[in-house]
Protein chains: 4
Amino acid sequence: MGKKEDNKKKKREALLTSAYLLFTEKGIQRTTISDIVKHASIAKGTFYLYFKDKYEIRDKLIAIRGARIIEKSCLALLDEEEMSFEDAIIFLADRVIDLFEQNKASLSFISKNLSVALFNRSNTEEEKNRCVELFNKIIERSGKTFRDENIMFYMVIELVNSTCYDCIINKAPVSMEMMRPELYKAIKSLLVQFESE
Amino acid sequence: MGKKEDNKKKKREALLTSAYLLFTEKGIQRTTISDIVKHASIAKGTFYLYFKDKYEIRDKLIAIRGARIIEKSCLALLDEEEMSFEDAIIFLADRVIDLFEQNKASLSFISKNLSVALFNRSNTEEEKNRCVELFNKIIERSGKTFRDENIMFYMVIELVNSTCYDCIINKAPVSMEMMRPELYKAIKSLLVQFESE
Amino acid sequence: MGKKEDNKKKKREALLTSAYLLFTEKGIQRTTISDIVKHASIAKGTFYLYFKDKYEIRDKLIAIRGARIIEKSCLALLDEEEMSFEDAIIFLADRVIDLFEQNKASLSFISKNLSVALFNRSNTEEEKNRCVELFNKIIERSGKTFRDENIMFYMVIELVNSTCYDCIINKAPVSMEMMRPELYKAIKSLLVQFESE
Amino acid sequence: MGKKEDNKKKKREALLTSAYLLFTEKGIQRTTISDIVKHASIAKGTFYLYFKDKYEIRDKLIAIRGARIIEKSCLALLDEEEMSFEDAIIFLADRVIDLFEQNKASLSFISKNLSVALFNRSNTEEEKNRCVELFNKIIERSGKTFRDENIMFYMVIELVNSTCYDCIINKAPVSMEMMRPELYKAIKSLLVQFESE
DNA sequence: TATGAATGAGGGTTCATTCAT
DNA sequence: CATGAATGAACCCTCATTCAT
């Protein structure tokens, strides 16, 4: 019967949601498993039926939340009129930066690990696949071909994520405002670099 | 009397050395203050005369060890014959990657925080200054001028550090071997971008 | 229907076998009911249909395994040619010591509780009876009569079991090798003591 | 300064006393470290400065309390008029049985481990030595010599301890009352056995 | 300044037991 | 009868921090 299965999924979901809320609110260090299960209205022992420890749930959440950010941005792009590939990627970067600026706690939580959502081996789930599909669709629309799309996307993501983290959270080396135009130029020069002649 | 001063410096040094050893050996989480003071042959209470907590000593160490990596690379470069600016930066990147590959524990410890060695506000010490001076010397030698050297260096460092961490530690998205040529092309395209016309 | 009965017996047997294996392998403390049912491929709740708790199954196992050791030794004796009563008991002791030396985990598990196999009130099962019968047969064969056979057997068993446990497991006060001749002399003097005039 | 040292000894003593009280009152399984420290008015963490775990304190206590029983009995003997060696040992056994009958909780706690007080390697402390000295004094007074005094004492202790435990706690195979005369005869026959001609 | 024994809150984790299926 | 997910009390133990010396 699916009832049990359903219940299990719900429990898992509740743990993930509660953990994310607490992690972004109080930080990972100061969030205890007790906090998480209390917030999720689940027994403490039950936590261990779903996750090995606090760090497993954190890693899973980084992947999920990172993927969500990328997905949202891609979907926003697909709603837009067609534009050049460079502009499309800049548009994406712009969306990601906006989302992070609107949700600094999320950025603080994801830290510089946005790319694990796409490239980490342990993350074999659908989130990853959905993002990869969206990226492929964007490339397709551009009609261009690239030397190594994975590495290209990886570098762009790293550059965007790093600058967001440092400029928004640490406010160093400069503010995000000041960084933004430089970042866009940098991304453009990177993309050109990856086009196959 | 300078002897007391000396002794204090030695104690501080011992704590830093021991902490670094243990952090790289067992990880930060699993290293306790007890471990650190035991290894440094110092009393537990004394720790608190020098550092607020484990995370203060960690942050200090990331800055010190990061700066050391950059410094070493810069000094190696200054030993070389003159070369073009692009080649000089590639040479630097190459040195940094080599150092990290030779010392994965150090990379694991520094994680994606290499740039704090140079750009973090809280890091007001000499390490930072030495690195900045070295960078300035390199630029000087090139005879070129750049739109914003800080941001340029920041981006290159982030790109090198990120790819090292992901490719060497996580082996994703590709191996460091495969990443290296792509990284160099990317760095070159970035640098050109920053030259003032 | 006997099939259900059979199945129940098999389950019980499986639990006993698994528990014994784990108890001797990892110790009683470190063996959990979860471990036992997992090893027996039985559901957790089912355990409680057969035993009250871990200690009930442990006590049952000590009785069973203790009885098995004594039985084996007695049967070995009955295979031998006739010999004097003293020699017969020494032969038995010898067999028991050998069995324990070959299976230290079993000795460690039974500890100093070998006699419960025969004399514990709660142990009302067939194992006990089989051993008692074998002892009676041995006495019968000897043609002798004794003041109190039960106490005599009890003392011999205690002496053999204690020395085995201390000398084989703890290696104190001396090795089993050194203890053996002394033990045999002691047993002989005990037996003489119990003969009715 | 001895003040700190003194305090440490007192703490250790308090832990031992409290643990013994609770072990004999509620059993080892049902006594928690929390119980012990609470009863001793000591902080939980402090327990671990003195003992590794509950089982270390238990083992230490078995040795201490076992030694105390033997010591008391020996001292009672030395108060008596001279008597034959056999009678002296019977007197000792008698005292031990009496002490155990008066304090069944203590017997239950020591279980069949009385001899570890004297023969366990890990127990290197003064308790052991005091008992050994007392035994030597008794032998000296008897003017006799024995083949192996250690093994002799060990066997007598084991026999007394085993019968006490089984007859007093388990009331099997017979009551202590019924066992006592048989035990004395057995001890006597054992002792004769060990005399060197 | 330096010490390290003492603290005790609260961390993670276990596991016997229950009970709806 | 059998199941096994869920429970949650209770466990052990850690360890940052204090403070009398």
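Here the structure is a predicted model, which is why all the values come from computation and not from measurement.
- For F:dC1, neither phosphate oxygen OP1 nor OP2 lies less than 4.0 angstrom from any side-chain nitrogen or oxygen of C:Tyr50.
- For A:Lys8, whose side chain is taken as the heavy atoms from C-beta onward, the closest listed nucleotide among F:dA6, E:dT7, E:dT3 is F:dA6.
- Using bins of under 30°, 30° to 60° and over 60° for the plane-to-plane angle, the ring pair C:Phe109/C:Tyr20 lands in the perpendicular bin.
- Here the CG atom belonging to A:Asn103 is positioned 7.0 Å from the OG1 atom belonging to A:Thr24, to the nearest 0.5 angstrom.
- Two residues, D:Gly45 and D:Arg30, neighbour DNA chain F, and the one matched to the more 5' nucleotide by heavy-atom proximity is D:Arg30.
- Place A:Phe47 and B:Thr31 on DNA chain F by their nearest nucleotides, and A:Phe47 ends up nearer the 5' end.
- Atoms CD1 (B:Ile28) and P (F:dC15) sit 15 Å apart, rounded to a whole Å.
- When the nucleotides E:dA16, F:dT7, E:dA2 are ranked by their closest atom to the side chain of C:Thr32, E:dA16 comes out on top.
- Within the nucleic acid shown, C:Lys38 has no heavy atom closer than 4.0 Å to any nucleic acid atom.
- From A:Phe23, atom CZ reaches atom CD1 of A:Ile36 across 4.0 Å, with rounding to the nearest 0.5 Å.
- Here the nucleotide nearest the side chain of C:Tyr48, chosen from E:dT18, E:dT7, E:dA2, is E:dT18.
- Closest contact between the side chain of C:Ile42 and the listed nucleotides F:dC11, E:dT1, F:dT3 involves F:dT3.
- Ionic pairing of A:Lys26 and A:Asp35 is present here: one or more N-O contacts between side-chain nitrogen and carboxylate oxygen are shorter than 4.0 angstrom.
- Put simply, B:Ser34 has no side-chain N or O that comes within less than 4.0 Å of OP1 or OP2 on F:dC15.
- Atom C1' of nucleotide E:dA5 and atom NZ of D:Lys10 are separated by 16 Å, given to the nearest angstrom.
- Each of F:dT17, F:dC11, F:dC13 was ranked by its minimum atom distance to the side chain of B:Lys44; first place goes to F:dT17.
- Listed pair D:Asn7 / E:dA6 meets the phosphate criterion, a side-chain N or O lying under 4.0 Å from OP1 or OP2.
- Using a 4.0 Å cut-off between a side-chain N of Lys or Arg and a carboxylate O of Asp or Glu, B:Lys112 and B:Asp166 qualify as a salt bridge.
- Comparing B:Thr46 and C:Gln29 against DNA chain E, the residue whose closest nucleotide sits nearer the 5' end is B:Thr46.
- Regarding D:Glu56, its CD atom lies at a distance of 15 Å from the C1' atom of F:dC13, rounded to whole Å.
- Looking at the side chain of C:Leu49, the nearest of the listed nucleotides E:dG8, E:dT13, F:dA2 is F:dA2.
- For A:Lys54, the listed nucleotide lying nearest its side chain is E:dG12; candidates were E:dG12, E:dG8, E:dA2.
- Per the geometry, CG belonging to B:Leu22 stands 13 Å off P belonging to F:dC15, to the nearest Å.
- At least one side-chain heavy atom of B:Arg12 sits under 4.5 Å from a side-chain heavy atom of B:Lys60.
- Of the nucleotides present, E:dT3 is the one that pairs with F:dA20 by Watson-Crick or G-U wobble criteria, both distances under 3.5 Å.
- In this structure, B:Lys26 atom NZ and F:dC15 atom C1' are separated by 12 Å, rounded to whole Å.
- For B:Ile33 and F:dT18, the CD1 to C1' distance is 13 Å, given to the nearest whole Å.
- Distance C:Tyr55 OH to E:dA16 P: 8 Å, rounded to the nearest Å.
- Spacing between atom CD1 of B:Ile36 and atom P of F:dC15 amounts to 11 Å, rounded to whole angstrom units.
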